[in-house]
Amino acid sequence: MESFIDETLKKYQHQTTPLLMVLRDVQAQYFHIPKQAVELIAKGLDIPRTQIVAVVEFYHFFSFEPRGRYDIFLSDSITDHMLGKKALADYLCAKLQTPLGTVRADGVVSIDNTACTGLCDQGPALLVNGYAIGQLSEQRIDRIVVLIEQNCPVTEWDSDLFEVHDNIQQGGLLLNTKLPRGAALTAAWQRGLTETLDDIKASGLRGRGGAGFTTAMKWASCRATEETERYVVCNADEGEPGTFKDRVLLNSYTHDIFEGMTICAAILGAHKGFVYLRGEYLHLFNKLNTVLEERRAAGLLGDNILGYGWKFDIEIRLGAGSYVCGESSALLESLEGKMGIPRNRPPSSIIKGYLAKPTVLNNVETFVAAAHIAWQGSEWFASCGTEKSKGTKILSICGDCERPGIYEYPFGTTLKEVLKDCGADDVLGVQVGGPSGTFVSTRESDGRLTFEELSTGGAFIIFNHSRNIFDIVQNFTHFFAEESCGFCTPCRVGTSLLKKQFDKIHSGHGSAGDIKELRDIAKLIKDTSHCGLGQSAAEPILTTLERYPNLYERQIKQQYSFDPVFDLDGSLAVAREMSGRDDGHAHLTQVEKK
Ligand SMILES: Cc1cc2nc3c(=O)[nH]c(=O)nc-3n(C[C@H](O)[C@H](O)[C@H](O)COP(=O)(O)O)c2cc1C
Ligand code: SF4
C-alpha cells in the first residue's frame, strides 16, 4: 500500500487540494479507504488525519467499510422510478443475490442507491465502479450479471452498455452554431479584452446555473479586486435531479466551454482554471482531458496562448457524490480538498474564492454562451429572448413525453409550446427547475420561461395524470434529507422531520394538525437555513400545499385517528430553538444534547 499511496500522491504533486482525486484513486484500488491509507496520506501531505476522515465520511462515494469489487449505485431520481426503477432494482438484487444496501458475503458485489446520475432522458440508470449505464432493462441487467459473475473487469465490458446519448432534439442559437476552434479567443483579443467584457455586458448574459446573476458584473468585480492571483472555475456539478444539459455540453461542446473559460481568464488576469466535474460524469473525464491536450498542442492553452503572451491552463477535478457541492462556495471547499460545506457570506467568492483568492465561478452553459458572444457579438445574442432574460436557455426535458432530451429555446417561450414540441400528452404538471424549483400545473401553461417568471437551471420534468403528486413530493423530500450536509440544524433536523412528517401523511396516518405542522416545519427550514439547499428543500411541499390543498385534505380524511410515528413536538422545538441563527458546530452540539 505504501508504494501505491506514494505513487498517487506523486501523481497529484503532493498537493492537498486534490485530496478528493487521491481518495477516489484509493477507493477504486481497494474498494474502500483503508485506515492505513488515511495515515499514509496524512503523513505524505502533512495534513491532520481528521481532515481526511471528515472528507471520507462526507462524500457518498467514499467508504471506510469495504464495498464490492463491482460497486453498483442505482440512480434514485423520480424519473428513474417513472421508468420502472423499483422492479428493475428488485430484479438486479435478486439475480445477484445482494439486497439493496448490502455487500454480498463473498465481497464481489455491493448495491446501493444514489441520487440522480444525470441520465434522466435515458434511465433507469446505474453506476458500476463509477461508470454510468443507462436504459436499464431485464436484458441489459442479465448481461451485467453475467459479466460480474464471470469476474470480467469493467474496462472489458462491451462499450454499448456505457453508451450515453446526447439526445439533442432541438437546437437554437448556441447548439446550432458551430464555433470554430480558437475563433472566439481570436475575436476577443482582436477586439480587446475590455471591449469583449463590454460586449458580454451589452448581451445581457445572466448565469445559467439557476440564480441568474449578471455574468459581466461578476467578471468585472473580480477583475477590479486588488489581489492579482485569480481563478476561473466551471461548475459542472449538475446535481439537480432532472438536469442533464451540461452533460451534453461537456460531451459535444467541450471546446466552447474551454474557450469561454479562457476568455474569462484573460479578462480577469487569471492563469489557472478548474472544471469541477460531478463524480457521476466519470465517463466524461478522459474525453475532457484529451480535449485539453488538443488545445495545448494547438496553442489555445499553455504559456503563450495564440502568441498573445497569455498564460492559462485548466485542470479537471472530480467530485465524489454530493449535491450540495454544486453550491458555489461548497464547490470551492471541495476543490480545496475539504468537506463541501457552504461558506458564510460575505465575502463572496468573487472576492475570496478558491484558496481565498478572487474567483469567478460559472455554470457550463454560461461559459459556452460567453464564448459565442465573444465571437458573434452582443447583438446576435440579445436579439433573442425578452427584455430581462436575453438569449436562449437549454432545457433538459424528461419524464412523461414522447421525445425526452435537450431543447434550446429563446427565453420567453411558453410552457405550452415546450410541452407540444416534446410530445407531452395528458399533462398533470411540470417540475420546472428540479426538486428545488416549482411544480407548475397545466392551468399555468401560458407561463413563460424567463428569470422573472419561470426560472430554471435546466430541469424540466413532465408528469402525466397517471402520476401521484404525493409520490413525487416524497421522492424530492427524501432527496433533500439525504443530501443535507448537516452543517446547520434547521436543515439537518428540519429535512429529516419534513421527511418523516410527509411520509406519515402520505401513508394515510396524518391528521389535520399534521398538515399544519408540516407547513410550520417547511417555513422554518426555508426561512432559517444557511444555504440554498435548505432554503429550497421545502419547496415541493410548500408549492403543492398551495396548489393542491384538497389533495392533502383528502389524504388525511382517509385515515382514522392520531398515531404518532415519532415525537414531532419535541424535535420541532429543537429546530425552532435553532431558528435564531446558525453559529456553527459548537452550538449544534449543544442543541443535539438537549
Ligand atoms: C444546493 C445547490 C446546488 C447547486 N448546484 C449547481 C450545479 O450543479 N451547477 C450550477 O451551475 N450551479 C449550481 N448551483 C448554483 C451555484 O451556486 C451558482 O449560483 C452557479 O454555479 C453560478 O454560475 P452562473 O452564474 O453561471 O449561473 C447550486 C446552488 C445550490 C444552492
Ligand atoms: S442548509 Fe443544509 S446543506 Fe446548506 S449548510 Fe445548512 S445543512 Fe448544509
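The model shown is predicted, which means the values in this text are computed figures rather than measured ones. Order of listing sets the numbers, starting from 1, for every ligand and every atom in it.
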Note every protein N or O atom lying under 3.5 Å from an N or O atom of ligand 1, pairing the names and giving the distance.
residue	atom	partner	partner atom	Å
ligand 1	5 (N)	Gly326	O	3.4
ligand 1	8 (O)	Glu238	N	2.9
ligand 1	8 (O)	Gly239	N	3.4
ligand 1	9 (N)	Asn235	OD1	3.4
ligand 1	9 (N)	Asn235	ND2	3.4
ligand 1	11 (O)	Asn235	ND2	3.4
ligand 1	11 (O)	Asn363	ND2	2.8
ligand 1	12 (N)	Asn235	ND2	3.2
ligand 1	14 (N)	Gly326	O	3.3
ligand 1	17 (O)	Ser328	N	2.9
ligand 1	21 (O)	Asn235	ND2	3.0
ligand 1	23 (O)	Asn363	N	3.2
ligand 1	25 (O)	Lys218	NZ	3.0
ligand 1	25 (O)	Asn362	ND2	3.2
ligand 1	26 (O)	Asn362	ND2	2.9
ligand 1	26 (O)	Asn363	N	2.8
ligand 1	26 (O)	Thr366	OG1	2.7
ligand 1	27 (O)	Arg208	N	3.3
ligand 1	27 (O)	Gly209	N	2.7

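- Residue Cys485 holds the heavy atom nearest to atom 3 (S) of ligand 2 of all those in Gly494, Cys485, Ser322.
- Rounding to the nearest 0.5 Å places CG of Leu395 at 6.5 Å from NZ of Lys393.
- Between Arg247 and the options Asp166, Thr117, Asp121, a side chain to side chain donor-acceptor pair (under 3.5 Å) holds for only Asp121.
- Here the two rings, on Phe73 and His60, have centers that are under 6.0 Å apart.
- Close approach to Val324 involves these atoms of ligand 2, each under 4.0 Å from a residue heavy atom: 3 (S).
- Which parts of ligand 2 touch Ser484 is read off a 4.0 Å heavy-atom cut-off, strictly below it: atoms 2 (Fe), 7 (S).
- Annotation for ligand 2: atoms under 4.0 Å from non-hydrogen atoms of Ser529 are 1 (S).
- Checking Cys531 against atom 4 (Fe) of ligand 2, an N/O/S atom falls under the 2.8 Å cut-off.
- Contacts with ligand 2 closer than 4.0 Å are made by side-chain heavy atoms of Pro342 only, the backbone lying farther away.
- Short contacts between ligand 2 and Gly534, defined as distances under 4.0 Å to a heavy atom of the residue, involve ligand atoms 1 (S).
- Each of the atoms 1 (S), 6 (Fe), 7 (S) of ligand 2 lies under 4.0 Å from some heavy atom of Cys488.
- Those atoms of ligand 2 that come under 4.0 Å of a heavy atom in Cys491, given as number and element, are 1 (S), 2 (Fe), 6 (Fe), 7 (S).
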Set out, in order, the CA-CA distance, both residues' side-chain angles and the distance that settles side-chain contact (heavy atoms from CB on, under 4.5 Å) for Met261 and Ile257, then state yes or no. CA-CA 6 Å; Met261 290 177 72; Ile257 301 165; 4.3 Å; yes

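- Using a 4.0 Å cut-off between charged side-chain N and carboxylate O, Arg206 and Glu365 make no salt bridge.
- Residues Tyr281 and Glu238 bring a donor and an acceptor atom of their side chains to less than 3.5 Å of each other.
- No hydrogens or angles considered: nothing links the side chains of Asn251 and His283 as a donor-acceptor pair under 3.5 Å.
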Distance-only criterion, 3.5 Å: show the donor-acceptor pairs between side-chain atoms of residues 263-276 and protein atoms not counting sequence neighbours.
residue	atom	partner	partner atom	Å
His271	ND1	Lys311	O	2.7
Lys272	NZ	Glu315	OE1	2.6
Tyr276	OH	Ser334	OG	2.7

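- Residues Phe258 and Phe367 keep their aromatic ring centres 6.0 Å or farther apart.
- Cation-pi check for Arg24 over Phe61 is not met; the charged atom does not lie both under 6.0 angstrom from the ring centroid and within 45 degrees of its normal.
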